[in-house]
Amino acid sequence: MGRAILAGFMFLLLIVSFILGIVTPLDRGLAEDLALSVKNFVEENIAPRKNVVDLGIFIFSHNAIRALPMLIPLVGAIWGPIVLYITGIYSNAMMITSGILGMEKLKIAISTLIIPSSLLEIISYSLLSSESIALFRYLRGKKDYYLSYTIAIAIVGISILLLAGMVEALEIRRALSTFPTTYFP
């Protein structure tokens, strides 16, 4: 039961971290630089991948590189919110350069959080980040820890992340087929 509560807490903390990134004031020049880096990343890594499975595996790999440190005892509980805060900063930059300001940014941020791939990613990150605390407790000698739980939670978390990558690939392909030239400012 303790792990479920901890994962729920981490879920909320990750959402708050993302929102904080969205509302962090950014200089216009910095926002333009960050948005340009996202545009370049998409043009070089996302747009050329026409096969949805290939794109899904790429997205999964990209996210897994950020997710695996979330299993490091105690570090993962800090790393998870940092990853979501940085994601919020980049999203913030893209909205600023698109002329989206004020409360409109929050509306878009909240709608982003309910997209299936976003929900799946946050669930995965919540499981992995919270498990880092369980691992820390084990290293401190707490007897309520079972390594088999950590292995199972890690497998489930990574599997959810793979599913999130595939779903995100489908969402991106759909968005690019609908808005191919207006995806970025």
Side-chain angles (χ1 to χ4, degrees), residues 1-24 26 34 37-38 41-42 45-46 49 53-94 108-172:
M1 183 64 169
R3 280 182 157 108
I5 292 170
L6 190 55
F9 172 77
M10 286 306 298
F11 183 83
L12 293 175
L13 180 60
L14 295 174
I15 289 172
V16 168
S17 298
F18 177 74
I19 298 294
L20 286 174
I22 292 289
V23 299
T24 297
L26 295 179
L34 294 175
S37 71
V38 171
F41 180 82
V42 169
N45 299 290
I46 304 295
R49 288 182 165 78
V53 174
D54 180 41
L55 179 58
I57 296 296
F58 174 79
I59 292 168
F60 165 71
S61 305
H62 182 264
N63 291 341
I65 289 168
R66 281 134 192 87
L68 288 176
M70 293 177 195
L71 283 169
I72 298 171
L74 201 57
V75 171
I78 299 165
W79 179 246
I82 289 171
V83 168
L84 268 287
Y85 177 76
I86 292 169
T87 301
I89 290 286
Y90 275 88
S91 299
N92 184 5
M94 294 186 55
I108 291 171
I110 290 168
S111 66
T112 299
L113 291 171
I114 61 172
I115 292 171
S117 62
S118 297
L119 277 174
L120 290 167
E121 283 179 26
I122 294 173
I123 290 168
S124 173
Y125 294 163
S126 299
L127 290 171
L128 299 173
S129 292
S130 62
E131 197 56 28
S132 77
I133 295 172
L135 282 166
F136 178 73
R137 289 175 46 93
Y138 170 71
L139 294 174
R140 301 255 344 236
K142 300 294 180 186
K143 302 296 182 203
D144 64 343
Y145 176 84
Y146 299 97
L147 185 59
S148 60
Y149 288 174
T150 295
I151 293 169
I153 290 169
I155 290 169
V156 168
I158 296 299
S159 298
I160 291 170
L161 199 59
L162 176 60
L163 177 61
M166 293 301 167
V167 170
E168 187 173 348
L170 289 170
E171 293 166 350
I172 288 171

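Computed from a predicted model, the values in this text were never measured in an experiment.
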Where is the tightest heavy-atom contact between L135 and L71, given as atom of each residue plus distance? CD1-O, 3.1 Å
How many angstroms lie between atom CG of L163 and atom CD of E121, to the nearest 0.5 angstrom? 10.5 Å
Does the side chain of I19 reach to within under 4.5 Å of the side chain of L113, using non-hydrogen atoms? yes
Taking all non-hydrogen atoms of both residues into account, name the closest pair between G56 and A169 and its distance. N-CB, 3.5 Å
List for me each residue that meets side-chain contact (heavy atoms from CB on, under 4.5 Å) alongside I114, sequence neighbours excluded, and say none if there are none. none
How many angstroms lie between atom CD1 of I15 and atom CD1 of I110, to the nearest 0.5 angstrom? 9.5 Å
Any sub-3.5 Å donor-acceptor pair from S132's side-chain atoms to A77's backbone N or O? yes
Measuring from atom CD1 of I133 to atom CG of L74, what distance do you get when rounded to the nearest 0.5 angstrom? 6.5 Å
Atom pair CD1/CD1 of I123 and I160 - distance to nearest 0.5 Å: 6.0 Å
According to side chain to side chain donor-acceptor pair (under 3.5 Å), who are the partners of E168, at least two apart in sequence or on a separate chain? none
What do you reckon, is CZ of F9 surrounded by more than 12 foreign heavy atoms closer than 6.0 Å? no
Of all residues at least two apart in sequence or in a different chain, which pass the salt bridge (Lys or Arg N to Asp or Glu O under 4.0 Å) check with R66? none
Quick one: CG on L6 to CG on L13, what's the gap to the nearest 0.5 Å? 10.0 Å
Just wondering, do L55 and I46 contact through their side chains at under 4.5 Å, heavy atoms? yes
Is there a donor-acceptor pair under 3.5 Å between the side chain of S129 and the backbone N or O of G76? yes
For a 4.5 angstrom cut-off between non-hydrogen side-chain atoms, does V167 reach I115? no
Using 0.5 Å steps for rounding, measure from the CG atom of L161 to the NE2 atom of H62. 11.5 Å
Under the rule for side-chain contact (heavy atoms from CB on, under 4.5 Å), what residues qualify as partners of L162, not counting sequence neighbours? I57, F60, M166
Closest non-hydrogen atom pair, A67 against L128: CB-CD1, 3.8 Å
With S126, which residues qualify under side-chain contact (heavy atoms from CB on, under 4.5 Å), at least two apart? M10, F11, L14, I122
May I ask you to decide if T112's main-chain N or O and S118's side chain share a donor-acceptor pair within less than 3.5 Å? yes
Quick note, side-chain hydrogen bond (donor to acceptor under 3.5 Å, both in side chains) partners involving residues 77-90, not counting sequence neighbours, are T24-Y85
Are the side chain of S124 and the backbone of G157 linked by a donor-acceptor contact shorter than 3.5 Å? yes
